[in-house]
Amino acid sequence: MTRVQLTDTEWEFIVAVPGLAVVEVAAAYDETAFAVQDLIAAPCAVAPADRTTREPDAPGVRLRFFLDPQQDADT
């Protein structure tokens with residue numbers, strides 16, 4: 001099990017089989033989606049996204065990226 005501390009919130013990643021996870025962030029603005037990606041990416045190895053997507057006629061943006069919660073960000 002990998003435990004991640006983000007400011008005063010504790011997140012737990014429980015992974016039965018090591019491997020990549022897909023994270024999708026829904027936010028009102030691009031800046032918010034990228035800020036969430038940065039928070040999650042800090043303690044984990046990630047393949048960060050560089051752009052958001054928008055659904056036609058739907059509010060907000062989506063950002064999808066991949067992370068490996070079993071691997072530190074430095075590796």
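Please read these numbers as outputs of a predicted model, since none were measured by experiment.
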Anything under 3.5 Å between a donor and an acceptor, one on a side chain of residues 39-46, the other on a protein residue two or more places apart or in another chain? List them.
none

(Q) Quick one, Val22 with Arg64, criterion side-chain contact (heavy atoms from CB on, under 4.5 Å). Give me CA distance, side-chain angles, the key distance, then yes/no. (A) CA-CA 7 Å; Val22 178; Arg64 180 178 289 178; 3.6 Å; yes
Q: Determine, using the 4.5 Å side-chain heavy-atom cutoff (strictly less than), whether Phe65 and Val36 are members of one ILVMFWY cluster.
A: yes
Q. If you take all heavy atoms of Ala33 and Ala27, which pair is closest and at what distance?
A. N-CB, 3.8 Å
Q.
Using side-chain heavy atoms (C-beta onward) and a distance below 4.5 Å, is Leu63 in contact with Phe34?
A. yes
Q | Inter- and intrachain pairs under side chain to side chain donor-acceptor pair (under 3.5 Å), touching residues 30-50, at least two apart | A | Asp30-Thr52
